[in-house]
S.K.: 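This is the structure I have questions about; it appears just below.
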Amino acid sequence: QVQLVESGAGLVQAGGSLRLSCTASGRTFSSYTLGWFRQAPGREREFAAAISWNGGSTYYADSVKGRFTISRDNAKNTVYLQMNSLKPEETAVYYCSMDHSTQATMQGRGTSWGKGTLVTVSS
């Protein structure tokens, strides 16, 4: 049993930055791919970013590429999402997810999910 807990919820002005964290408890996730998803009001959950088990490969949705950076610290069982130049339409609940399969993680089929953290971007 692995529990994922996101943190970093907050209100930020358009163009501002925010850093999200997701920490796992129970077992280490050093062998897992980690991913970030978001779900805006009235929209489907969408993939934002993912990072491989050793941090050697990162993947980004086109909509966030160049503005968001995903990273991980396996010693702390934590994955981060640095979000810069935020836009109002990116107001959403952000979730972290993990799976041994990179493909499963990116497709939203991760084994474990956090409860989400709300990011509000005001105009």
Side-chain angles (χ1 to χ4, degrees):
Q1 183 74 246
V2 178
Q3 181 178 3
L4 300 174
V5 180
E6 301 95 339
S7 63
L11 172 65
V12 63
Q13 292 285 335
S17 299
L18 200 64
R19 191 191 195 200
L20 305 181
S21 300
C22 174
T23 299
S25 62
R27 297 180 66 89
T28 62
F29 58 36
S30 59
S31 63
Y32 289 82
T33 295
L34 279 297
W36 285 97
F37 290 75
R38 62 189 181 184
Q39 186 166 22
R43 299 186 180 88
E44 295 293 319
R45 183 179 61 192
E46 67 174 354
F47 168 75
I51 186 167
S52 63
W53 69 272
N54 64 355
S57 298
T58 56
Y59 311 88
Y60 297 96
D62 289 341
S63 59
V64 309
K65 193 173 299 181
R67 298 185 297 114
F68 289 15
T69 302
I70 188 171
S71 61
R72 66 191 294 167
D73 185 340
N74 287 343
K76 296 181 179 179
N77 283 342
T78 300
V79 60
Y80 306 94
L81 186 67
Q82 177 67 46
M83 306 182 293
N84 298 327
S85 302
L86 282 161
K87 306 172 182 179
E89 59 265 34
E90 293 177 313
T91 292
V93 176
Y94 284 71
Y95 301 88
C96 64
S97 180
M98 61 187 290
D99 201 272
H100 282 112
S101 166
T102 297
Q103 183 177 40
T105 301
M106 296 180 66
Q107 293 178 346
R109 297 184 289 107
T111 301
S112 298
W113 291 84
K115 292 182 172 60
T117 187
L118 177 63
V119 172
T120 301
V121 185
S122 65
S123 59

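No experiment lies behind these values; they were computed from the predicted model shown.
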S.K.: Could you give me the CA-CA distance, side-chain angles and deciding distance for E46 and R38, then say whether salt bridge (charged side-chain N to carboxylate O under 4.0 Å, His left out) is met?
M.R.: CA-CA 6 Å; E46 67 174 354; R38 62 189 181 184; 2.8 Å; yes
S.K.: Looking at Y80, does the NZ or CZ of R72 lie under 6.0 angstrom from its six-membered ring centre and within 45 degrees of the ring axis?
M.R.: no
S.K.: Please report the C-alpha distance between V119 and L20 in whole Å, then the side-chain angles of each, then the deciding distance to 0.1 Å, and finally whether the side chain to side chain contact (heavy atoms under 4.5 Å, CB included) criterion is met.
M.R.: CA-CA 9 Å; V119 172; L20 305 181; 3.9 Å; yes
S.K.: Starting from the C-alpha separation in whole Å, work towards a yes-or-no answer on side chain to side chain contact (heavy atoms under 4.5 Å, CB included) for Y59 and M106.
M.R.: CA-CA 9 Å; Y59 311 88; M106 296 180 66; 3.6 Å; yes
S.K.: Say whether S21 and T78, considering side chains only, have a donor N or O and an acceptor N or O under 3.5 Å apart.
M.R.: no
S.K.: Within a strict 4.5 Å, meaning less than it, do heavy atoms of the Q103 and T105 side chains meet?
M.R.: no
S.K.: Do T117 and V93 touch side chain to side chain, with heavy atoms closer than 4.5 Å?
M.R.: no
S.K.: Please name the pair of heavy atoms, one in D99 and one in R109, separated by the smallest distance, quoted to 0.1 Å.
M.R.: OD2-O, 3.7 Å
S.K.: How many angstroms lie between atom CG of L18 and atom CG of N84, to the nearest 0.5 angstrom?
M.R.: 10.0 Å
S.K.: Centre of W36's six-membered ring, under 6.0 Å away, within 45 degrees of the axis: is that where NZ or CZ of R45 sits?
M.R.: no
S.K.: Which distance, rounded to the nearest 0.5 Å, do you find between the CE of M98 and the CD1 of I51?
M.R.: 13.5 Å
S.K.: Of all the heavy-atom pairs spanning R67 and S85, show the shortest one and how long it is.
M.R.: NH1-O, 3.0 Å
S.K.: In Å and rounded to the nearest 0.5 Å, what is the SG to CG distance from C22 to L4?
M.R.: 4.5 Å
S.K.: Would W113 and V79 show up in the same hydrophobic cluster when neighbours are defined by side-chain heavy atoms closer than 4.5 Å?
M.R.: no
S.K.: May I ask you to check whether F37 and F47 place their ring centers less than 6.0 Å from one another?
M.R.: yes
S.K.: Set out, in order, the CA-CA distance, both residues' side-chain angles and the distance that settles side chain to side chain contact (heavy atoms under 4.5 Å, CB included) for Q82 and S71, then state yes or no.
M.R.: CA-CA 8 Å; Q82 177 67 46; S71 61; over 6 Å; no
S.K.: Locate the shortest heavy-atom distance separating E90 from V64; write the atom from each residue and the value.
M.R.: OE2-CG1, 4.1 Å
S.K.: Check Q39 against A92 and note the closest heavy-atom contact, atom names and distance.
M.R.: O-CB, 3.3 Å
S.K.: Would you say W53 and L34 are hydrophobically clustered, going by side-chain heavy atoms of ILVMFWY under 4.5 Å?
M.R.: no
S.K.: Ignoring hydrogens, what is the shortest heavy-atom contact between S122 and L11? Give both atom names and the distance.
M.R.: CB-CD1, 4.1 Å
S.K.: When you look at R19 and M83, which way does the side chain to side chain contact (heavy atoms under 4.5 Å, CB included) test go after all the steps?
M.R.: CA-CA 6 Å; R19 191 191 195 200; M83 306 182 293; over 6 Å; no
S.K.: T33 side chain to S52 main-chain N or O, any donor-acceptor pair under 3.5 Å?
M.R.: no
S.K.: OG of S97 to CD of Q107: how many Å apart, nearest 0.5 Å?
M.R.: 12.0 Å
S.K.: How far apart are the closest heavy atoms of A14 and S123, and which atoms are they?
M.R.: CB-CA, 4.5 Å
S.K.: If you measure from CG on L86 to CZ on F68, what distance do you get to the nearest 0.5 Å?
M.R.: 5.0 Å
S.K.: If only atom types and distance count, is the side chain of Q13 paired as donor or acceptor with the main-chain N or O of V121 below 3.5 Å?
M.R.: no
S.K.: When you measure from the side chain of Y60 to the backbone N and O of I70, does any donor-acceptor pair fall under 3.5 Å?
M.R.: yes
